[in-house]
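Heads up: the structure comes next, in structure tokens.
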Amino acid sequence: MVRDGLFGPSPAYGRPMARSPFSPSFWRSPLRGPWLTSVLGVVLLGGITVLFVTGLVSYAAYNPNLAPVNDKTPDKGILGFYLFSWPTDPHWLYRLNQGIHVTLGITLIPVLLAKLWSVVPRLFTLPPARSLAHALERISLLLLVGGALFEFVTGVLNIQLDYIFPGSFYTLHFYGAWVFIAAFIAHAVLKMPMAWRNLRQLREEKNDLVPPDPAEPTVSRRGALWFVGGGSLLLFATTVGQNFDGPLRRTALLAPHGGAEPGSGPGGFQINKTAAYAGIRAAETDEEAWRLVVEGRNGRTVRLSRTDLLAMPLHSAALPIACVEGWSTSDQWWRGVRLRDLAALVGYDGDPPDVLVESLQRRGAFRRAALRANQVADSHSLLALFVNGEDLTPDHGYPARIIVPAAPGVLNTKWVARMTFGDL
Ligand SMILES: Nc1nc2c(c(=O)[nH]1)N[C@H]1C(S)=C(S)[C@@H](COP(=O)(O)O)O[C@H]1N2
Ligand SMILES: [Mo]
């Protein structure tokens, strides 16, 4: 007899449909099974490993262990074991690392969703735990799934909604990454031998993912993989352009810093926060009003106008802006005063020390940043006054902004008002 299922009778097969997702026969897609789950799992194993490494590297680039102003995770303890002094060479290092991190993360979204879909019946396994070992395994799966969703969601929101978690994105994403990776490693170690067997054998092992009562297939497993891969390709193609200029950037339809450049001319490249947004008024940046305060050894202090800075030796450097959000510009041609020359003005003639840079901006997480001694010492690290042959535009930090090779955008403070040299 045909009983009514959850969605009424099932006329095609004249078979009852299970009402409850807790019943194995509720899950009927013939695509589910160890092979599909294993293929997706192996792709994620490689991809997430790269995401984790580039994420940790990106975090180190912030100099979190240099000074409290850079440190969003003061309680990280041993999780900061790997932190190192971020180099200044090659000058595109952060651009490459963060481009990979964000582009790959977005590209993997369909694979992650497909993987979760492929194992979703297991969320409904009853009884919830058969033994202590089974209970532990299920808790680790909860951390794995929850951690993965948390990391992808916080990452995407940070990019799309422009720092929606003011100041706390780094904290959430950093600790989330460690919780997730612990569960991920346990999962990979436990499942890899089986995944490998599933992929090598032509005949598929049966497991609980194979539906006991499969529906008629509407697409082959290969077709399903093409569908997932196509989704990934589409996301890749509409994101990757934000790492380049001109026509390529226009292809980045999904990226907030894709599409057209904001204006044309020397300052017509991507802007993170405009002067208006940062509350910088023209009256405080003009020649009369603006002074740079530089403080150094034993409180030695100088106050410099823009004219004073222009009288110092000026140097050029071709460097990109590369933001944690994954967008970057090609090399721009900056011109200004070397940071180490400013250090020398206030008593550091030999090896320069670290520096704390503060902006005119009164509020906001990025109004201050600390640079490490190796960054100050690099001859391409500038307090820039010009970009691409003209005065900085207000939005790019007029009258003066920091530009340091290989550093994340956030360390390139705009509208600089004060620099304090000394060991931090
Ligand atoms: N004072 C100040 N400086 C700042 C910021 C800011 O919000 N305020 N944003 C930083 C970030 S996150 C980036 S990516 C770069 C962007 O520089 P651009 O707007 O010139 O491209 O500026 C950095 N300097
Ligand atoms: Mo940024």
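Each ligand, and each atom within it, is numbered from 1 in the order the structure gives.
- Less than 4.0 angstrom separates some heavy atom of Thr413 from each of these atoms of ligand 1: 3 (N), 24 (N).
- For atom 5 (C) of ligand 1, the choice among Trp327, Phe269, Phe366 with the nearest heavy atom turns out to be Phe366.
- Of all the heavy atoms of Tyr277, none lies under 4.0 Å from any atom of ligand 1, so neither backbone nor side chain is involved.
- Ring geometry, Tyr94 versus Tyr62: the interplanar angle exceeds 60°, so the pair is classed perpendicular (tilted spans 30 to 60°).
- Remark: ligand 1 atoms within the under-4.0 Å shell around heavy atoms of Trp415 are 1 (N), 2 (C), 8 (N).
- Heavy-atom distances between Glu325 and ligand 1 stay at or above 4.0 Å for every pair.
- Applying the 4.0 Å criterion to heavy atoms of Lys273 picks out, from ligand 1, the atoms 7 (O).
- In summary, Glu295 and Arg418 engage in a salt bridge, as defined by a charged side-chain N under 4.0 Å from a carboxylate O.
- Trp327 is listed as a side-chain neighbour of Asn272, based on a closest heavy-atom distance under 4.5 Å.
- Using a cutoff of 4.0 Å between basic side-chain nitrogens and carboxylate oxygens, Asp71 and Lys76 are scored as salt-bridged.
- With Val416, Val387, Asn412, Leu392 as candidates, the residue nearest to atom 24 (N) of ligand 1 on a non-hydrogen basis is Asn412.
- Taking distance alone, with nitrogen or oxygen atoms compared against 3.5 Å, Gln361 approaches ligand 1 more closely than that limit.
- Residues Leu143 and Phe180 fail the side-chain proximity criterion, which asks for heavy atoms closer than 4.5 Å.
- Taking only nitrogen or oxygen atoms, main chain and side chain alike, Gln270 reaches within less than 3.5 Å of ligand 1.
- Any N or O atom pair closer than 3.5 Å counts here, and Ser359 shares at least one such pair with ligand 1.
- A heavy-atom distance below 4.5 Å is found between the side chains of Leu304 and Leu342.
- Between His396 and Trp334, the ring-plane angle classifies as perpendicular under the 30° and 60° cut-offs.
- Close contacts of ligand 1 with His396, meaning ligand atoms under 4.0 Å from a residue heavy atom, involve 18 (P), 20 (O), 21 (O).
- Every residue meeting the ring-ring contact (aromatic ring centres under 6.0 Å, His included) condition with His173, not counting sequence neighbours, appears here in chain and number order: Phe169.
- Residues meeting the ring-ring contact (aromatic ring centres under 6.0 Å, His included) test with Trp92, sequence neighbours left out: none.
- The proximity of Lys414 to ligand 1, defined as any non-hydrogen pair under 4.0 Å, involves the side chain as well as the backbone.
- Among the atoms of Asp395, none of the N or O lies under 3.5 angstrom from an N or O of ligand 1.
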